[in-house]
There are 2 protein chains.
Amino acid sequence: MSRSDIQAPEADSETLPKQQRTYTIGELSRMFEVTPRTVRFYEQEGLLAPGRKGQQRIYREKDRVRLKLTLRGKRLGFSLAEIREVVMMYDAMPDGNARQLRRLLEILANKRDSLERQLEDIRLMRLEIDDVDHRAREVLRSLGQKA
Amino acid sequence: MSRSDIQAPEADSETLPKQQRTYTIGELSRMFEVTPRTVRFYEQEGLLAPGRKGQQRIYREKDRVRLKLTLRGKRLGFSLAEIREVVMMYDAMPDGNARQLRRLLEILANKRDSLERQLEDIRLMRLEIDDVDHRAREVLRSLGQKA
DNA sequence: GACGAGGTTTACGTTAACGTAAAGTGCTTG
DNA sequence: CAAGCACTTTACGTTAACGTAAACCTCGTC
């Protein structure tokens, strides 16, 4: 090992003062089962803002959380633009002027409404699925086959 | 009014034997707040199969329900291909051979899983939103402004 | 019979969210 | 030092889900 004194080696990976853990793009993408391309694309879209060591990206906890939130939003069918709306304003909060904050509250209320609608949609779709399921099983039984 | 005997006029719109009510593409698209283009596109993708009177499309209850289900699926972030998977097999059921039916049950189980994951995602995202909401309100208060 | 309101087909355009390929950089290991 | 990873930038390609425009029918109406 000819590494000099660049930074702490990843020897002790679990016993850190909660502040230092970083990730490479490869680690992150494996962790969430996305490609590096996707991670870079999210950065380009303003959803992530990793640091750099030379030309390499270094991701911190904050970035990992953001990525997690982003992917969760995607699973719910939100666009990256919508996700950014919330995620970024969350960061812009500390220095937040009142207008921005009110705008944020507005957006949050909208998201909440959207989620409620989704809940209802899920409920209904479940009913439909159960219905189709029942019918299918009955037809199967009428064919003399067991479930 | 010089319409002859093409079909029942829409005079009695509520007292029909449950069998005859039809819709034009314009009616449907207004009803669901989508463009006619969208409705035609869904047909092209195999999600709708309206009848024809001459060159005009005529939609029945069945088509309206399909459209409703399709849009619900979209709100939940499913692709048209995924939606078609379920919607079409639902129709293919009556004549269903056992293999098709088992395949359908499989698909349904997957959808159910997907919905459960979404429920969890919604739950988590709600927590996040509430959190951000709280923080924002507190910052606002610290600025001497109410809510 | 001109016309306006709806419908139709055909076809090219657009946006989001990446995929994929090429060519280069930096480290470490045989 | 050659080779091999893992990372980087640049840039063009691709797919889904429509939008948009043009050009055409077909009514009932003025």
Less than 4.0 Å between a side-chain N and a carboxylate O, is that true for A:Arg137 and A:Asp133?
-> yes
Rounded to whole angstroms, how far apart are CZ on A:Arg30 and P on D:dC5?
-> 14 Å
After noting the C-alpha distance and the side-chain angles of A:Ile122 and B:Glu116, does the key distance pass the side chain to side chain contact (heavy atoms under 4.5 Å, CB included) rule?
-> CA-CA 9 Å; A:Ile122 288 181; B:Glu116 298 309 322; over 6 Å; no
Between B:Arg40 and B:Arg37, which is nearer to the 5' end of DNA chain C once each is assigned its nearest nucleotide?
-> B:Arg40
Charged N to carboxylate O under 4.0 angstrom, B:Arg103 versus B:Glu85?
-> yes
Can you tell me how far C1' of C:dT25 sits from CZ of A:Arg52, to the nearest Å?
-> 13 Å
B:Gln44 CD - C:dA11 P separation (whole Å) | 12 Å
How many Å lie between NZ on A:Lys53 and P on D:dA6, as a whole number?
-> 17 Å
Check whether any side-chain N or O of B:Thr35 sits under 4.0 Å from OP1 or OP2 of D:dC18, and answer yes or no.
-> no
Starting at OG1 of A:Thr22, measure out to OH of A:Tyr59 and round the result to the nearest 0.5 Å.
-> 11.5 Å
C:dG26 C1' sits how many Å from A:Gln55 CD, rounded?
-> 8 Å
Keeping the roles fixed (side chain from B:Arg60, backbone from B:Asp63), state whether a donor-acceptor pair exists under 3.5 Å.
-> no
Could you go through nucleotides 15-17 of chain C and list every protein N or O atom that sits under 3.5 Å from one of its N or O atoms, giving the distance for each pair?
{"residue": "C:dA17", "atom": "OP1", "partner": "A:Leu80", "partner atom": "N", "Å": "3.0"}

Among D:dG19, C:dT8, C:dC18, the one nearest any side-chain atom of A:Thr38 is C:dC18
